[in-house]
Amino acid sequence: MMHESHDPASDHSAAGREPAVDAFVAGPAAEAEYLSRVGDRVREARARRGMSRRILARDSRVSERYLAQLETGQGNISILLLRQIALALGLPINALLRDGSVPSEELLRTTEYLKQLPAEKLQRAREILLREFSGADPAVRRRRIALIGLRGAGKSTLGSMLGERLGAPFIELDRRIEQHSGLGLSVIFDLYGQSGFRRLERECLEQVLQQYPAFVLATGGSLVSESATFERLLSECFTVWLRATPEEHMQRVIAQGDMRPMAENREAMAELQNILAGREPLYRRADATVETSGQSLATTFEKLRAAVPGA
């Protein structure tokens, strides 16, 4: 597909155009690199959410063929045209793509400033913002323990043990979602898709935060991929990542009698590895990490107990 011609009314002399935009329009290598980055981000986001391409196609009503093209850097050329407009306006492209009201100039300036910070300073900036503006009571936060990690990490077993140890209720967020909706998780996904499930997940998390001053919460493995919900969890709860290898995650799920990870999917292990790789930077944001691979339940629980304040 070729570029659309410019609107004659918008033509300017060469001297009057933005050099950055001219360089972008004239550079096919830059276009290919940009489309490749867009494809990488789509693929990484899909992996973090644990979604197959088929499921994403169903929920987005975009063909698997187009998704495959997008993820391999062959997306529709209109993406490039939108990027040209954003560059000409001096805006990041996400400012044109976002839903809702246009972000304030102050928010855009703050975001651009934060982007320039190295990783260690960015983490410190986030901690300062949470401390100053989240409104969360640090003492209350330490009494709310949230376990994160992939399915098969031991969140239910270890969470139940920790709740008993602390004298706090143990809550599984997925079960709470089922009770709230009156539907099983698979039915929720079939009827409402990923976005519908995420709305229910956030609603139920808010209910738990309002109802209980202290608890141990086992979250779904993909909660971390929903940034607003995960930020809420991080600000209100002391979070622990229960970490294991992909092989051990798979073995534990199968040992529980669930063969779905292997059903009609010869590349299940490769997909699991991709999911973990995509989510690992998010899981690492937890307050503590407990390694669960190759250890007895008793040993792992002692490590968890040592990591949690007051346990």
Chemist: I need the single residue from Glu201, Glu226, Glu206 that forms a salt bridge (charged side-chain N to carboxylate O under 4.0 Å, His left out) with Arg232. Which is it?
Modeler: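 That would be Glu206.
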
Chemist: Can you confirm whether the side chains of Arg175 and Gln179 place a donor and an acceptor under 3.5 Å from each other?
Modeler: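 No, Gln179 and Arg175 have no side-chain donor paired with an acceptor closer than 3.5 Å.
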
Chemist: Do Ser222 and Arg198 have side chains that approach each other closer than 4.5 Å (heavy atoms only, starting at C-beta)?
Modeler: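 Yes, side chains in contact.
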
Chemist: Do the side chain of Gln295 and the main chain of Glu291 share a donor and acceptor less than 3.5 angstrom apart?
Modeler: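 Yes; at least one donor-acceptor contact below 3.5 Å.
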
Chemist: Would Val224 and Tyr283 count as a side-chain contact (heavy atoms from CB on, under 4.5 Å) here? Give the steps.
Modeler: CA-CA 7 Å; Val224 298; Tyr283 288 145; 3.6 Å; yes

Chemist: Can you measure from CG (Leu67) to CZ (Arg53) and round to the nearest 0.5 angstrom?
Modeler: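 It comes to 7.0 Å.
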
Chemist: Considering only heavy atoms from C-beta outward, does the side chain of Phe238 approach that of Arg144 to under 4.5 Å?
Modeler: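 Phe238 does not reach Arg144 side chain to side chain.
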
Chemist: Take atom CD of Glu280 as the centre, draw a 6.0 Å sphere, and report whether it contains more than 12 heavy atoms from other residues, nucleotides or ligands.
Modeler: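 Yes, CD of Glu280 has more than 12 neighbouring heavy atoms, counting only those of other groups under 6.0 Å.
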
Chemist: Where the side chain of Arg43 meets the backbone of Glu71, is there a donor-acceptor pair that is under 3.5 Å apart?
Modeler: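 It does hold such a pair.
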
Chemist: Any side-chain heavy atom of Gln74 sitting closer than 4.5 Å to one from Leu35?
Modeler: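 No, side chains not in contact.
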
Chemist: Do Ile275 and Arg279 come close enough that some side-chain heavy atom pair is under 4.5 Å?
Modeler: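 Side-chain contact under 4.5 Å: yes.
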
Chemist: Measure from the side-chain N and O atoms of Ser293 to the backbone N and O of Thr245, and report whether any donor-acceptor pair falls under 3.5 Å.
Modeler: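 Answer holds: yes.
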
Chemist: So which of Leu205, Leu209, Ile145 actually passes side chain to side chain contact (heavy atoms under 4.5 Å, CB included) with Leu217?
Modeler: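 That would be Leu205; it is the only one of Leu205, Leu209, Ile145 passing the side chain to side chain contact (heavy atoms under 4.5 Å, CB included) with Leu217.
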
Chemist: Determine yes or no for a side-chain-to-main-chain donor-acceptor pair under 3.5 angstrom, with Arg141 supplying the side chain and Cys237 the backbone.
Modeler: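 Flag set: sc Arg141 to bb Cys237 pair under 3.5 Å.
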
Chemist: Taking NZ, NE, NH1 and NH2 as the nitrogens, is one of them in Arg305 or Glu302 under 4.0 Å from a carboxylate oxygen of the other?
Modeler: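 Salt bridge flag = yes for Glu302 with Arg305.
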
Chemist: Decide whether Ser296 and Thr299 meet the rule of one side-chain donor and one side-chain acceptor closer than 3.5 Å.
Modeler: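 Per modelled atom types, Ser296 and Thr299 side chains form a pair under 3.5 Å.
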
Chemist: Which pair of heavy atoms, one from Ala146 and one from Leu233, lies closest together, and at what distance?
Modeler: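 The answer is CB-CD1, 3.8 Å.
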
Chemist: Can any side-chain N or O of Ser36 pair as donor or acceptor with the backbone N or O of Ala32 at less than 3.5 Å?
Modeler: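 Looks like no, no N/O pair under 3.5 Å.
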
Chemist: Please step through side-chain contact (heavy atoms from CB on, under 4.5 Å) for the pair Trp241 and Val290, ending with a clear verdict.
Modeler: CA-CA 6 Å; Trp241 175 23; Val290 174; over 6 Å; no

Chemist: Would you sort out whether Gln207 and His180 count as a side-chain contact (heavy atoms from CB on, under 4.5 Å), showing the intermediate values?
Modeler: CA-CA 10 Å; Gln207 289 176 0; His180 177 67; 3.2 Å; yes

Chemist: So does Met51 get a backbone contact from the side chain of Arg46, meaning a donor-acceptor N/O pair under 3.5 Å?
Modeler: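 Checked: pair present.
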
Chemist: Are Leu242 and Phe230 linked, directly or through other ILVMFWY residues, by side chains that come within less than 4.5 angstrom of each other?
Modeler: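 Result: no, two separate clusters.
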
Chemist: Flag the pair Phe301 / Thr157 as yes when at least one side-chain heavy-atom distance between them is below 4.5 Å, and no otherwise.
Modeler: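 A side-chain contact is absent here, since even the closest heavy-atom pair is not under 4.5 Å.
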
Chemist: Set out, in order, the CA-CA distance, both residues' side-chain angles and the distance that settles side-chain contact (heavy atoms from CB on, under 4.5 Å) for Cys204 and Leu173, then state yes or no.
Modeler: CA-CA 7 Å; Cys204 289; Leu173 191 57; 4.0 Å; yes

Chemist: Treating Lys155 as the side-chain partner and Ile148 as the backbone partner, does any N or O pair qualify as donor plus acceptor under 3.5 Å?
Modeler: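 No, because the side chain of Lys155 does not come within donor-acceptor range (under 3.5 Å) of the backbone of Ile148.
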
Chemist: Is a salt bridge present between Glu231 and Arg285, judged by a nitrogen-to-oxygen distance below 4.0 Å?
Modeler: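 A salt bridge links Glu231 with Arg285.
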
Chemist: Using 0.5 Å steps for rounding, measure from the NZ atom of Lys121 to the CD atom of Gln116.
Modeler: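 One gets 11.5 Å once the value is rounded to the nearest 0.5 Å.
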
Chemist: If I compare all heavy atoms of Ser181 with all of Leu200, which pair ends up nearest, and what's the gap?
Modeler: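 For Ser181 versus Leu200, the nearest heavy atoms are CB-CD1, 4.2 Å.
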
Chemist: Which distance, rounded to the nearest 0.5 Å, do you find between the CG of Leu166 and the CG of Leu162?
Modeler: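 These two atoms lie 4.5 Å from each other.
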
Chemist: Is it the case that the side chain of Ser160 and the backbone of Ser156 share a donor-acceptor pair, with hydrogens and angles ignored and the cut-off at 3.5 Å?
Modeler: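 No, the answer is negative, given that no donor and acceptor are paired below the 3.5 Å cut-off.
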
Chemist: Is there side-chain contact between Ile177 and Asp174, with at least one heavy-atom pair below 4.5 Å?
Modeler: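 In contact.
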
Chemist: Are the side chain of Thr219 and the backbone N or O of Leu147 linked by a donor-acceptor pair below 3.5 Å?
Modeler: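 Yes; judged by distance alone, with no hydrogens or angles, the pair exists.
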
Chemist: Mark yes or no for whether Arg243, through its side chain, and Arg284, through its backbone, hold a donor-acceptor pair below 3.5 Å.
Modeler: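 No; zero donor-acceptor contacts below 3.5 Å.
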
